[in-house]
Amino acid sequence: MMAEKLVLIDGNSIAYRAFFALPLLNNDKGVYTNAVYGFTTMLLKILEEDKPDHILVAFDAGKTTFRHKTYEEYKGGRQKTPPELSEQFPVLKELLDAFEIKHYQLDQYEADDIIGTLAARGQEKKYDVKVISGDKDLLQLVSDKVKVSLTKKGITNVDTYDPDFLLEKMEIRPDQVIDLKALMGDSSDNIPGVPGVGEKTAVKLLKQFDKLEAVFEQLSEVSGKKLKEKLETHKDEAFMSKELVTIERNAPIEIDLGDLEYQHYDQQKVSSIFRDLGFQSLISRVSTDEVASHQEVPEDWDEVEVNVIRELTKDMITGKEAVVVEMLHENYHQSPIVGISIVNSNENYFITIDDAEKSEEFIKWAQDPSQEKWVFDAKRTLVALRRHGISLQGVSFDLLLASYLINPSENNHDVPSISHRMNERAVQYDEEIYGKGAKLKVPDDESIMQEHVTRKAAVLYKLKETMDAQLQQNEQYELYEELEMPLALILGEMEHWGVQVDVGRLEDMGSDLDRRLNDIKADIFELAGEEFNLNSPKQLGPILFEKLELPVIKKTKTGYSTSADVLEQLQDEHEIIEKILLFRQLGKLKSTYIEGLLKVVNQDTNKIHTRFNQALTQTGRLSSIEPNLQNIPIRLEEGRKIRQAFVPSKENWVMFASDYSQIELRVLAHIAQDEKLRNAFKEGKDIHTQTASEVFDVSEGEVTSQMRRQAKAVNFGIVYGISDYGLSQSLGITRKEAKTFIEKYLSSYPGVKEYMNESIQEAKRLGYVKTFMNRRRYLPDITSRNFNQRSFAERTAMNTPIQGSAADIIKKAMIDLDERLRTEKLQARMLLQVHDELILEAPEEELERLKELVPEVMEQTVELDVPLEVDYSFGPTWYDAK
DNA sequence: TCCTGCACGC
DNA sequence: GACGTACGTGCAGGAG
């Protein structure tokens, strides 16, 4: 029979770890939840993987413990537990109650002692005991029956120690852990140990003498006069330290192991607490895999009446309706529509797409711009209906965009989450209704789906007012109504129109790449003397660094790093390196760009339809998926050729590309009001050369290409808000040098420096920073006590207004350009946006007009204190438009 | 199915 | 003095 499993968790330690490992999250009620969240992910992992029969979470009791009698200063000088953490303990205990997991604390004792005692009792009963903590002291409990898991980086990442692993890692036995601590001390608990003896010396001593006692008995044999003296003088401290770090294994605990039996928790209770805490992502982990039509609904569930109709009639319409066009799949270019719900102040309707298409009144209503439609994700809705030949007009509210603008850092902009945040009625997640992956389907009982879709529409209807008010209050209504909403429609048109692809060209490039990859692969295997999976860094590492004995430059947590920057440093060491780099480069082209693109080409039209995510990035930029058309290669000629496969969709049309030159730095010059930077742009200077001349203190004529390259990296850093570390990496210099560069830059451009400081101050004052058009980004970490988190927030405060305002500008340019193309009755179509450039296709005869029009519109869309400069190019393929 | 390591763009 | 450090998407491998 398998031994019973007992899991003992050090509650304080894990909560503490989680608190410092995770950003200071809070839920919609402003309660901090990061420690609880981290603890919970760890707990779920244990429940799933270890499947304990018995479980307990131990907490420290109060301030004083029996150890203070031995040593008053025990744990003295320790930083007070931050209030943001202490307030999470009651919540944590509540959560444990919901899981029906016992937690325990004992006056005068620490969590360690509770764990030590119960581990000893478990061991006696021949249980398999597992201890979870972040505290190395617990390692003294390790034995054949007791394993100790210590958190490494993060919280769910642990090292599990048994006696062998301990010996391998620390070169000591479990019983020597206390001797080790006695010698080296522990500053975090204010345990003195022997001053001047660290881990190295302590291990050496224990290897020689085995036990602490023996060290002092045979003191004369200790090598080194200094060390001998130190040991002699601090003998008492050492023995006292040993006493302090020894965990009590016989504490007066009145609970029996039998009380700790773990029953399965109540899914309802746990999900409901998760919902309250805002742990949306964890809910699915505690609910069963069954499709949720079998799931119980929450207690406060209210009925939503659904009126299933076959046809829309005039009397049903009020002029303001919430509409949800439901699709099971994310990709709305392909997914069938399962139905449409329409909700207004009087009624809730549901109609299938087949019936809707046939209903004249429905089409008339949908296409009538004077009939308001309130939707979630206007672009998605628009494109879906467009595929059925319906051109949706009159969209006047988009819950997705509103939610995104109000707070882009909320990562769950879906109806159930928004509804919960806004204290509206409960809505189930789509996944709960339809399942996921292979099991995704409409429930057999269709009324469940109809109710769900209608419920979403009902919430949408209710939320319009709240969201509008919030946007008004944030002074973001214009951003919403004049920028993002119109843009959504334009993006929808672009996506729906698609980009033509020369499939034959892609296929030819693919076979060519295949041949070359095979040749290179053969060469590499020859040089390596064996065959292996070249795509596996895990297999490549040992070949390079063990078999070929190349110097190890960097390691990752799973082995040797084989990233490009490491390989580049090894270029001269072995001819295999160059070939690996080439293999990687070509392999990427083949898998991501040739095969990846061919996979998503529409078979009937040979067009590609990307989806722009308009509600994702923290800065206001767009992103592009399935496929990502914003990262088609350009830097290296080899990759750039991929662009030859992107062609106009009609005969005698051309590709036309137009991009802003240095838009972010111009935006910076404008908002920072920096005289020097502004003049540089006004005088049309090469900005990197200008920066180099400032930073290196030479005349522009004396700027070498090396200096210009470095200055370019500094400018890049300013635009992207990278750290001194980031700059040092990109230039291959030390952090210190990078820091000097940045400081030099800031003193050369005092206006910029002042702006940077003001931006940080503003973030501290308001809690957020904003762009030209009042796009917001909240930065709660700006006051963090954690240096990293705070630094990151500071760089974000400096960078987001720059990058975000640039995003505002190009979005506005797209709206203006769309308008001009219409009014001038041009056939030219916008196809793509790549952050600072627009790609169009147009009939050749419109080319002359576009050369004037596009740059003019882009340059004039906003007026800054510096000119905006736009370059353009064109040709028979995207490649030629360079 | 999820995570990691890597690589592409701005 | 160490932390882990612009934003995105997508691929292959490998562990569960």
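A note on names: the letters A, B, ... follow the listed sequences, proteins ahead of strands, and every chain is numbered from 1.
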Gap in Å between the two P atoms, one belonging to B:dG5 and one to C:dG4, rounded: 14 Å
Interatomic distance at P, C:dT5 relative to B:dT4, whole Å: 12 Å
Salt-bridge present (A:E531, A:K521; N to O < 4.0 Å): no
Salt-bridge criterion met for A:R643 and A:D880 (N-O under 4.0 Å): no
Below 4.0 Å: OP1/OP2 of [N] and any side-chain N or O of [X]:
X      : N      : answer
A:S536 : C:dA12 : no
A:S563 : B:dG5  : no
A:T556 : B:dG5  : yes
A:N533 : C:dG13 : yes

Sugar-phosphate only, base, or nothing, as touched by [X] at under 4.0 Å among non-hydrogen atoms:
X      : result
A:E626 : sugar-phosphate
A:S624 : sugar-phosphate
A:S791 : nothing
A:I625 : sugar-phosphate
A:Q539 : sugar-phosphate
A:I634 : sugar-phosphate

Report the distance from atom [atom1] of [X] to atom [atom2] of [N], rounded to the nearest whole Å.
X      : N      : atom1 : atom2 : result
A:K436 : B:dT1  : NZ    : P     : 8 Å
A:L540 : C:dG14 : CG    : P     : 12 Å
A:I802 : C:dA6  : CD1   : C1'   : 12 Å
A:Q630 : B:dG9  : CD    : P     : 13 Å
A:H835 : C:dA6  : NE2   : C1'   : 12 Å
A:Q585 : B:dG9  : CD    : C1'   : 15 Å
A:L581 : B:dC6  : CG    : C1'   : 12 Å
A:Q833 : C:dG8  : CD    : P     : 14 Å

Trace of the salt bridge (Lys or Arg N to Asp or Glu O under 4.0 Å) decision for A:E637 with A:K641: CA-CA 6 Å; A:E637 178 58 23; A:K641 290 215 160 65; 3.1 Å; yes
First encountered from the 5' end of DNA chain C, between A:F787 and A:F792: A:F787
Nucleotide nearest [X] when distance is taken to its side chain, options [options]:
X      : options               : value
A:R635 : B:dT4, B:dC8, B:dC10  : B:dC10
A:K599 : C:dA6, B:dC6, C:dC11  : C:dC11
A:V834 : C:dC11, B:dC10, B:dC8 : B:dC10
A:D836 : C:dA6, C:dG10, B:dC10 : B:dC10
A:Y725 : B:dG9, C:dT5, B:dA7   : C:dT5
A:R584 : C:dC11, B:dC6, C:dA6  : B:dC6
A:K538 : C:dA12, C:dT9, C:dG14 : C:dG14
A:E595 : C:dA12, B:dG9, C:dT9  : C:dA12

Flag, side chain of A:S805 to backbone of A:T771, donor-acceptor distance under 3.5 Å: no
Presence of donor-acceptor pair under 3.5 Å, side chain of A:N788 and base of C:dG4: yes
Under 3.5 Å donor-acceptor pair, A:R735 side-chain atoms to C:dG4 base atoms: yes
Ring geometry between A:Y560 and A:F545 (parallel below 30°, tilted from 30 to 60°, perpendicular above 60°): tilted
Aromatic plane relationship, A:Y404 with A:H413 - under 30° parallel, 30 to 60° tilted, over 60° perpendicular: perpendicular
Test log, rule ring pair (Phe, Tyr, Trp, His ring centres under 6.0 Å), inputs A:Y879 and A:F646: CA-CA 8 Å; A:Y879 175 88; A:F646 289 82; over 10 Å; no
Stacked cation flag A:R776 on A:Y768, 6.0 angstrom / 45 deg: yes
Those residues that, when tested against A:Y725, pass ring pair (Phe, Tyr, Trp, His ring centres under 6.0 Å) (two or more places apart): none
Neighbours of DNA chain C within residues 608-621 of chain A, by heavy-atom distance under 4.0 Å: A:L616, A:T617, A:Q618
Dot-bracket pairing map - DNA chain C, Watson-Crick plus G-U, both contacts under 3.5 Å, | cross-strand: ......|||||||||.
Ring centroid separation A:Y749 to A:Y745 under 6.0 Å: yes
Step-by-step salt bridge (Lys or Arg N to Asp or Glu O under 4.0 Å) determination, A:D724 to A:K736: CA-CA 8 Å; A:D724 49 5; A:K736 223 174 172 177; over 6 Å; no
Heavy-atom neighbours of A:Q585 CD exceed 12 at 6.0 Å: yes
